A.B. asks: 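Quick one: this structure, given as structure tokens, is what I'll be asking you about.
Just so it is clear: chains get the letters A, B, ... in the order the sequence lines come, proteins before strands, and each one is counted from 1. These figures come from a predicted structure and were not determined experimentally.
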Amino acid sequence: MIYCPRCGTANREGSKFCNDCGQKLGTHTRIKCPHCGIMNSVQNVFCDECGGRLLPAPLDASGAEVGPPIKGLSLPTKASAPEEDAPDESEAPEAAGDMPAWLRALGDSWSDEPGAGAAREEGDEGDEIPDWLQDLRASIPAEEPGEGQGADDDVPDWLRELRSPAEKQEAELLAPIEGHNEGEDAWLEDAEQVEEEAGAQGPESGGGELPDWLEAANASGEQGEEGEDEGPAFYAEGEAEDAAPDWIDEPEEQREPPVAEGEGAGAPEWLAALGLPEEDEEEGMPFSAEEEADEDETPAGLDDEEPEVPAYEEEAMATPEWLVALGLVGAVEDEAAASGHEEPVEEEPAEEETLDWVDEEEIEMSPEATAMAPPPDTLGMPEAELPDWLEALRPPEAEAEVLSGEELAEAGEVPDWLVLSADDMEEDEGLARADIPGWLLALKPLELREEEDLEEETPEVEEVPEEGGLLAGLIGTLPVEMLIAQPRAVTATGGPELPSADTPQARLFAEIVRRPPESPPKPMVQAEVPLIARLPLWIIYLVLIAVVTVPLLIGEPVLVRRATPLPAEQSLYQGIESLEAGSPVLVAFDYDPTTSGEMDVLARSIVGHLMDRQARVVAVSLLPAGPATAEMVLDELAQGRAGDADGPDLLYANLGYLPGQVAAVRLLGESIEQALPRDFQATPLAELEVAAGVTDVQSFALIVELAATQDTLRWWIEQAGTPYDVPLSAGVSASVEPIARAYYETESRQLEGLIAGVPGAAEYEALVSGEDVLIGPTAVRLDAQLAGHLVFVLVLVVGAVARSTRRNAGRGQ
Amino acid sequence: MEAALLDTAGTVVAIVLTLFVFSYLLGDNVLYRLAEHLFIGAAVGYAAVVAFHNVIAPKLVTPLVTALAGGDWDSVLLLGITLVLGLLLLTKPMKRLSWLGSLSVALLLGVGAALAIGGALLGTLIPQVEAASDVMGYTDRYGPGLGLFSGLVVLTGATGVLLHFYFGAGREGRLVGLRNSLVRVWGGVGRWFILVTFAAIFAATFMSRLSVLVGRVQFLLDAVRGLLGG
């Protein structure tokens, strides 16, 4: 239900406009309490937290606020003007009687006893609550029953939970009546029995003077004692005492008889206690303002809105419509008039104050309702003894002329909500369909629902039907649990629109994400290539090896090349030449056997020159295999050098492997003792004559980096040469030359000298030897290398021509 | 005598393994696989031995023993922390305990990254920017004509390569057309510089590998000559 914020009318779920006043209904899913700020369900009229009113109270004709709309089991849920179409509690039996067949069928089918359904109609107290409803309430923890709430035991707790504060307020006013009904179901008693009781009891007897259901309106005094009497039946199905849930009861303290001392003597006792207006209105002062103010709690919202209104007037304004219809308003008005209030309440005739439709005989009654209602002549009460307003409450006679609901509505005697069109009337049931509460409609099995119901339902939370047990097939049996325990449904928000250019990529990404994990890659199966197809490749390999081998077999340079050393090579040469004898030089052998075929030539050229200059060579390596390679080169070069007679240790020291890469180079700049405490042969650094006086990088006159990769070259430049301003030269592989030359070309000369590859080594050897032409083994290797280059160039040219010829041939065909 | 035999045996093994590797020219085969596995195993084993004898023994074991014997507890504490951090690295292969080694890895990566970034900034980036922008600096090395030409080529190539990687640009403004034309033309020149550079690196790499091949053939010839007594 969605309550109209303007008039309080209960509208169906999904309604966009109020069915009564046309007010646009918001699509809010929660209502924020204006008092405490707690978010409440849209079905709440009062706050769950503080009890404050969430919706403005509807106003009556005088502008005063009236009670909140009736909710829950109280049908109808529509709040209307009290004087015109105020609903009466007598509608309850009719509403109950309008229980659809499927609901009754549910109760019958789910009851343990086959005749439970019939027993309920007969008013059997033991079966007032069907078992299937009792099962439902088991899911909700029961409250401690208070004293004087005899009916609480018969009402499911879950139903008690569902009542709203508005209903509670109404229940407080109904409590005296309810208390009087305990144990009675007079409406379902046999007509004869009622007649006999009426005959046996005198007119003075309160219980026999009026039907019990009217006696139930006797609010005070007799609540407990007269409970055994025949009580009124507010429910057509005979659930007189227990069909009314305990939320209709009022708290014990509010059951104090609101009888004023000035009760009229001539009025019947029950009537005096009820406070209903007698024929002489001046005598009817059933409620005093003070007592009423003490007994009934005014809603907080009313207190907040009109704090200046006197208590008695506030009570009158808060009186619900049904109470007004019963005539209590008249009593209040009289009381107000008697107290001399300046704003006399507009008095209405008794007929107007009561429900006129009850007085009308033309109301169409269903056969069931007619059968359940006692015949008017069996009440055994003289017409003259009843006041007019009470006369109006008399059930319609069976032979009354039937008028359609539309006619009654047009006459203004029946509220609109009560009028059912002919389409809504089901002939087989004979009852007008009532506005079933949403929670009750949710219990309807899916297979019995109509399409209309399914379309109109827009549940906020997906309700899962019960899978087993007696409640199998029902949905929403635990609505509270669903709302609390289940996570809030996340509504998909439309994300930013992807550009059209990105859509294929996004689609591809989603496709990749959805793919199952790929299995390990299968090993590639090489296609069997026929031997004839491999033959050209083998021929190329053989030619290459042969061409490379021939110059080496010759042993002498075939080509005569003039030495044209580059500036970088000259710089390196001059730098070494400028070294004093015995200067410590750090040589980093950063290559291993995989590249030794090229790097050894460079190492021999540079280190040999250093040894010729009698420099103290201290070798290190950033590679684990580097020291062994360095040892071979150093030992080879030391043979036959000047200091060989005194031992090779005087020429070089191999400090071995320097672990840590970039950090190791940096550490070497701080302290060699920490970085390399022992040499490659495990000799302590302090015992090495070549390394005497060497403490850090700055102790060296020159650093020579023999780099097969660019990484080690950058480490030495960035961590040693540049930061410590130590002269640094390099002999690098030909593949590193493009990178290394950039450091040589800088203004600060990060590399003082540079030679690259075998050609650079050959040029450097020519510089060292002072020859104008390249000679020696390195020049032989240059011939071999040149021959290899020629082979590759030839292969490239032949391959390109062959491909071009084949392509042209293909085009020609 | 024994050393000569060992040298001869080592030379023979080296020749055989070199030929096994060359057999790959005929296709993947068992001989090549055998040589490959032997090389990897020998390299790892040799690295482990070098690491122990060159690092663990002289830098950890010996100082720790010495410090414990001498009661140098400061050194013991420092070396102990180093030992613990090193041992924690051994937990990385274990799934449940691999997190213990994260501290050591973090230390290694943190120190390495800090040194690398600082060194690259001061040792490479700034000097290279200065060198590229100093057009007249080349005249001192290569003469007025060649030096100026070299400087202009370097400047044009460096800026052209940077413009070639200029992907993001606003589409509004007064000089949008000029900028787009500049990026298109100059960036195109930079693209050619990139191509030439890659070609030079590839040629240099080829020359380097060919040098390795020549060196290996030279070894084979020398070894055979040595075995034959030539």
Side-chain angles (χ1 to χ4, degrees), chain A residues 526 529 534 537-538 541 544-545 548-549 552-553 567 592 594-598 600-601 624-625 627-628 656-657 659 661-663 666 677-678 680 682 708 714-715 717-719 721-723 733-739 742-743 745-748 750 756-759 777 781 784-785 788-789 792, chain B residues 22 25-28 39 43-44 46-51 53-55 57-59 62-63 108 111-112 115-116 118-124 127-128 130-132 134 137-138 141-142 150 154 197 200-222:
Chain A
Q526 293 183 349
V529 181
R534 299 182 183 180
L537 201 59
W538 291 354
Y541 292 154
L544 177 62
I545 292 177
V548 169
T549 306
L552 298 176
L553 287 175
D592 53 15
T594 58
T595 55
S596 61
E598 180 189 18
D600 281 348
V601 179
Y657 173 51
Q661 298 183 345
V662 62
R666 193 73 176 192
R678 295 173 182 268
F680 187 58
R714 286 194 298 103
W715 293 342
I717 292 174
E718 295 173 353
Q719 304 298 333
T722 302
S733 167
S735 61
V736 184
E737 184 185 4
I739 307 299
Y743 292 99
E745 298 292 347
T746 56
E747 185 179 3
S748 59
Q750 291 178 285
V758 176
R781 292 193 58 170
Q785 193 160 334
H789 286 179
F792 268 94
Chain B
F22 278 155
L25 296 175
L26 303 177
D28 196 3
F39 174 76
V44 172
Y46 181 77
V49 172
V50 169
H53 286 286
N54 239 43
V55 180
K59 292 187 177 180
T62 303
L108 291 174
V111 174
L115 290 174
L121 183 66
L122 299 176
T124 299
Q128 292 301 317
E130 290 177 352
D134 186 14
Y138 293 91
R141 304 175 196 172
Y142 305 106
S150 299
V154 169
T197 304
I201 292 176
F202 176 77
T205 304
F206 170 75
M207 187 166 60
S208 169
R209 298 303 176 255
L210 190 59
S211 299
V212 173
L213 172 65
V214 171
R216 192 79 323 222
V217 172
Q218 180 74 58
F219 165 76
L220 287 175
L221 293 177
D222 294 342

A.B. asks: Counting heavy-atom pairs under 4.5 Å with chain B, which one of H789(A), R678(A), R666(A) comes out on top?
C.D. replies: H789(A)

A.B. asks: So L213(B) and L544(A), do their side chains get closer than 4.5 Å, heavy atoms only?
C.D. replies: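 L544(A) reaches L213(B) side chain to side chain.
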
A.B. asks: Between OG of S733(A) and CZ of R209(B), what distance do you get to the nearest 0.5 Å?
C.D. replies: 5.5 Å

A.B. asks: Under a 4.5 Å cutoff for heavy-atom pairs, which residue among P777(A), S748(A), G721(A), P659(A) has the most contacts with chain B?
C.D. replies: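 Most heavy-atom pairs under 4.5 Å with chain B: P659(A).
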
A.B. asks: Which answer fits A203(B), side chain, backbone, both or neither, if we ask what part of it has an atom under 4.5 Å from a heavy atom of chain A?
C.D. replies: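 For A203(B), no heavy atom lies under 4.5 Å from chain A.
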
A.B. asks: Is the shortest side-chain heavy-atom distance between T594(A) and F39(B) below 4.5 Å?
C.D. replies: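 SC-SC contact between T594(A) and F39(B) confirmed.
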
A.B. asks: Taking the side chain as every heavy atom from C-beta outward, state whether Y46(B) and D592(A) have any atom pair closer than 4.5 Å.
C.D. replies: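 They are not in side-chain contact.
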
A.B. asks: Heavy-atom cut-off 4.5 Å, strictly under: side chain, backbone, both or neither for V55(B) against chain A?
C.D. replies: side chain

A.B. asks: First locate atom OG of S596(A), then atom CZ of R216(B), and finally report the distance between them rounded to the nearest 0.5 Å.
C.D. replies: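 These two atoms lie 6.0 Å from each other.
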
A.B. asks: Relative to chain A, which of G112(B), A51(B), A120(B) shows the most heavy atom pairs under 4.5 Å?
C.D. replies: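 Top option by heavy-atom pairs under 4.5 Å: A120(B).
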
A.B. asks: Is the closest side-chain heavy-atom distance between T124(B) and I717(A) below 4.5 Å?
C.D. replies: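 No, every pair of side-chain atoms sits at 4.5 Å or beyond.
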
A.B. asks: Shorter than 4.5 Å, heavy atoms on both sides: which option in V49(B), D222(B), L115(B) has the most such pairs with chain A?
C.D. replies: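 Most pairs with chain A among the choices: L115(B).
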
A.B. asks: What part of F206(B) gets closer than 4.5 Å to chain A, counting heavy atoms only: side chain, backbone, both or neither?
C.D. replies: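 Contact with chain A involves the side chain of F206(B) alone.
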
A.B. asks: Among V212(B), L210(B), V50(B), which residue forms the greatest number of heavy-atom pairs with chain A at distances under 4.5 Å?
C.D. replies: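 When all of V212(B), L210(B), V50(B) are compared, L210(B) has the most.
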
A.B. asks: What part of F219(B) gets within 4.5 angstrom of chain A, counting heavy atoms only: side chain, backbone, both, or neither?
C.D. replies: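 F219(B) has no heavy atom closer than 4.5 Å to chain A.
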
A.B. asks: With the side chain counted from C-beta on, respond yes when H53(B) and Y657(A) share a heavy-atom pair under 4.5 Å apart, and no when they do not.
C.D. replies: no

A.B. asks: Given a strict heavy-atom distance threshold of 4.5 Å, which part of L122(B) is in contact with chain A: side chain, backbone, both, or neither?
C.D. replies: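 Just the backbone, heavy atoms under 4.5 Å.
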
A.B. asks: Can you tell me which of G656(A), P567(A), A742(A), A625(A) forms the most heavy-atom pairs within a distance under 4.5 Å of chain B?
C.D. replies: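 Option with the top pair count is A742(A).
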
A.B. asks: We want to know whether E130(B) and T746(A) form a side-chain donor-acceptor pair, criterion being a heavy-atom distance below 3.5 angstrom.
C.D. replies: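 No, no side-chain donor-acceptor pair sits under 3.5 Å.
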
A.B. asks: Between R781(A), E718(A), Q719(A), which shows the greatest number of heavy-atom pairs under 4.5 Å with chain B?
C.D. replies: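 Most pairs with chain B among the choices: E718(A).
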
A.B. asks: In the structure I gave you, are the side-chain heavy atoms of F680(A) and N54(B) within less than 4.5 Å of one another anywhere?
C.D. replies: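 When only atoms from C-beta onward are counted, N54(B) and F680(A) do touch, with a gap below 4.5 Å.
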
A.B. asks: Examine whether an atom of T197(B) lies under 4.5 Å from a heavy atom of chain A, and if so say whether it belongs to the side chain, the backbone or both; otherwise answer neither.
C.D. replies: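 No part of it gets close to chain A.
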
